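Naming convention: chains lettered A, B, ... in sequence-line order (proteins, then strands); numbering from 1 in each chain. Please read all numbers here as calculations on a predicted model, not as lab measurements.
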Protein chains: 2
Amino acid sequence: METNCDISPAEWQVMRIIWTLKEATSAQVTTILQRKVDWQSATIKTLLHRLVKKGALKTIRHGRAFIYQPLVKEQETMNEAVDQLFASICQMHAGQSLLHVIKHTELSKKDIASLQKLLAQKAVNAPEMVDCDCVPGEDIRCD
Amino acid sequence: METNCDISPAEWQVMRIIWTLKEATSAQVTTILQRKVDWQSATIKTLLHRLVKKGALKTIRHGRAFIYQPLVKEQETMNEAVDQLFASICQMHAGQSLLHVIKHTELSKKDIASLQKLLAQKAVNAPEMVDCDCVPGEDIRCD
DNA sequence: AGTTTTAATTTACAACCGTAAACTTATTTC
DNA sequence: GAAATAAGTTTACGGTTGTAAATTAAAACT
């Protein structure tokens with residue numbers, strides 16, 4: 001049962017920090033983020049606020065301030081985002097895009113091993129080609 | 001030199017049809033799309049219009065109507081979209097997300113072979129682990 | 001206790017997006 | 001040639017997003 005909260009790119013930046021630290025105050029998030037992007041602290045407060053409203057973060061009061069904690073899991077949220085993107089693009093070309101992203105992504109030996117194992121499994125029953133699913137009924141293919 | 005046009009999810013649906021057919025009239029796009037989604041033709045006209053304005057499509061007049069043709073390449077546009085997403089997420093977990101998406105994506109034998117070849121290459125110099133790049137300086141890792 | 005600091009909340013505002021009706025104009029059909 | 005059709009253009013409208021200032025409220029320091 002998904003906490004269906006779509007996280008915008010700017011909000012991702014905030015979430016990543018809180019996920020990594022497990023919890024953080026708005027001041028911490030601001031300090032860390034401002035080393036990377038040029039946002040006013042007011043902007044970051046807005047983003048935190050929206051994320052709470054969306055159900056991605058919860059707060060516990062701590063004196064004057066809040067401590068923000070994630071309500072959604074990082075890996076799950078990432079997977080949903082990736083799924084959503086891959087649902088928008090042509091299946092037939094998805095393989096090429098995967099190739100592209102893997103080419104430009106740093107992967108650990110373990111990651112690579114897992115991927116290799118998965119691919120070896122998938123290779124067994126893989127189709128010769130994947131149909132384009134953009135125009136139903138027409139079944140256009142590439143070779 | 002990118003034709004930096006961000007394509008929204010609804011617009012993707014339109015682009016996919018035109019990419020696949022190479023060119024199409026709004027009537028064609030409408031007929032095909034309406035087999036998949038419940039949009040009025042007015043909606044599709046708006047999307048086509050916006051895509052032309054964004055520089056993703058061009059038109060050539062043909063009697064009363066226009067023929068719409070892509071100005072941006074499908075694979076390039078897909079790659080940019082995927083890059084953009086992967087730039088938003090934590091590097092350290094990117095490998096897991098790739099695993100996830102590959103698990104759920106249909107891939108041809110050829111796609112798989114290319115991926116395997118690439119992974120084999122990358123394995124040679126792959127790091128033992130990939131650092132989290134969410135909180136600079138802290139270098140949090142997972143095992 | 002009063003002043004300063006800092007957090008949170010409210011308000012703002014333009015751009016983009018999903019969704020579509022209304023209007024205009026050109027074309028085809030009778 | 002007049003009427004009906006269909007394509008494009010304009011306008012619309014509420015929601016989300018990026019970006020942030022203004023306001024309020026609470027805590028910390030002197």
Side-chain angles (χ1 to χ4, degrees), chain A residues 3-18 21 23-34 36-69 77 80-81 84-85 87-88, chain B residues 3-18 21 23-34 36-69 77 80-81 84-85 87-88:
Chain A
T3 319
N4 179 32
C5 53
D6 271 345
I7 293 175
S8 78
E11 289 164 354
W12 267 99
Q13 296 302 119
V14 171
M15 288 303 293
R16 286 174 62 175
I17 290 171
I18 297 177
L21 302 182
E23 57 174 39
T25 62
S26 89
Q28 284 179 289
V29 175
T30 301
T31 304
I32 293 172
L33 254 188
Q34 285 185 339
K36 198 189 225 184
V37 296
D38 188 31
W39 293 344
Q40 295 308 115
S41 68
T43 301
I44 295 165
K45 282 182 205 166
T46 300
L47 296 172
L48 284 165
H49 208 71
R50 288 181 184 166
L51 285 164
V52 171
K53 195 159 33 162
K54 284 184 184 186
L57 294 177
K58 71 175 165 182
T59 56
I60 41 181
R61 195 154 228 132
H62 186 270
R64 78 218 150 188
F66 281 153
I67 294 177
Y68 295 86
Q69 291 177 336
T77 307
E80 276 167 43
Q84 225 169 292
L85 176 58
S88 289
Chain B
T3 319
N4 180 34
C5 53
D6 270 345
I7 293 174
S8 78
E11 289 163 355
W12 267 99
Q13 296 303 119
V14 171
M15 287 303 294
R16 286 173 62 176
I17 290 172
I18 298 177
L21 301 183
E23 59 174 40
T25 63
S26 89
Q28 283 178 290
V29 175
T30 300
T31 305
I32 293 171
L33 256 186
Q34 285 184 339
K36 197 189 225 185
V37 295
D38 189 32
W39 294 344
Q40 296 307 116
S41 69
T43 301
I44 295 164
K45 282 183 210 169
T46 300
L47 296 172
L48 284 166
H49 208 72
R50 288 182 184 165
L51 285 164
V52 171
K53 195 157 35 159
K54 284 184 184 187
L57 293 177
K58 72 175 163 180
T59 56
I60 41 181
R61 195 152 229 137
H62 185 271
R64 78 214 150 192
F66 281 155
I67 294 175
Y68 294 86
Q69 292 177 335
T77 306
E80 275 168 43
Q84 225 168 293
L85 176 59
S88 289

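- Between A:Leu21 and A:Ala24, the shortest heavy-atom distance links the atoms CD1-CB, 4.1 Å.
- Of the possible polar contacts, none joining the A:Gln34 side chain to the A:Gln40 backbone as a donor-acceptor pair under 3.5 Å is found.
- For D:dA7, the OP1/OP2 oxygens have no side-chain nitrogen or oxygen of B:Tyr68 closer than 4.0 Å.
- Distance CG (A:Asp6) to P (D:dG15): 16 Å, rounded to an integer number of Å.
- With D:dA27, D:dG18, D:dG8 as the choices, the nucleotide that has an atom nearest any side-chain atom of A:Ala10 turns out to be D:dG18.
- With DNA chain D read from its 5' end, the first of the two nearest nucleotides for A:Ile44 and A:Arg64 is the one closest to A:Ile44.
- The shortest distance between the side-chain N/O atoms of A:Ser8 and the OP1/OP2 oxygens of D:dG18 is below 4.0 Å.
- In this structure, B:Lys53 does not reach the D:dT9 phosphate: none of its side-chain N or O atoms is under 4.0 Å from OP1 or OP2.
- You'll find the side chain of B:Ser26 stays beyond 4.5 Å of the side chain of B:Phe66, heavy atoms only.
- The base of D:dG18 is paired with the side chain of A:Arg50 by a donor and an acceptor separated by under 3.5 Å.
- Contact between A:Ala81 and B:Leu85 at its shortest, heavy atoms only, is O-CD2, 3.8 Å.
- Residue A:Arg16 holds its CZ atom at 12.0 Å from CD1 of A:Ile32, rounded to the nearest 0.5 Å.
- One N or O on the side chain of A:Gln28 and one on the backbone of A:Thr25 form a donor-acceptor pair closer than 3.5 Å.
- Bounding nucleotides for the chain A contact on DNA chain C, 5' to 3', at a heavy-atom distance below 4.0 Å, are C:dA7 to C:dA12.
- In this structure, B:Thr43 reaches the bases: a heavy-atom distance under 4.0 Å links it to at least one base atom across the strands shown.
- Both A:Arg61 and A:Leu47 lie close to DNA chain D; mapped to their nearest nucleotides by heavy-atom distance, the more 5′-ward contact belongs to A:Leu47.
- Put simply, CD on B:Gln40 is 16 Å from C1' on D:dA7, counting in whole angstrom units.
- Rounded to whole Å, the distance from CD on A:Gln13 to C1' on D:dT19 is 15 Å.
- Nucleic acid contact class of B:Thr46 (heavy atoms, under 4.0 Å, all strands): base.
- Taking atom NZ of A:Lys45 as the reference point, atom P of D:dT24 lies 15 Å away to the nearest angstrom.
- A distance of 9.5 Å separates CG in A:Leu48 from CD1 in A:Ile17, rounded to the nearest 0.5 Å.
- Dashed line: the shortest gap from a side-chain N or O of A:Ser41 to OP1 or OP2 of D:dA20 is not under 4.0 Å.
- Regarding A:Trp39, its CH2 atom lies at a distance of 15 Å from the P atom of D:dA21, rounded to whole Å.
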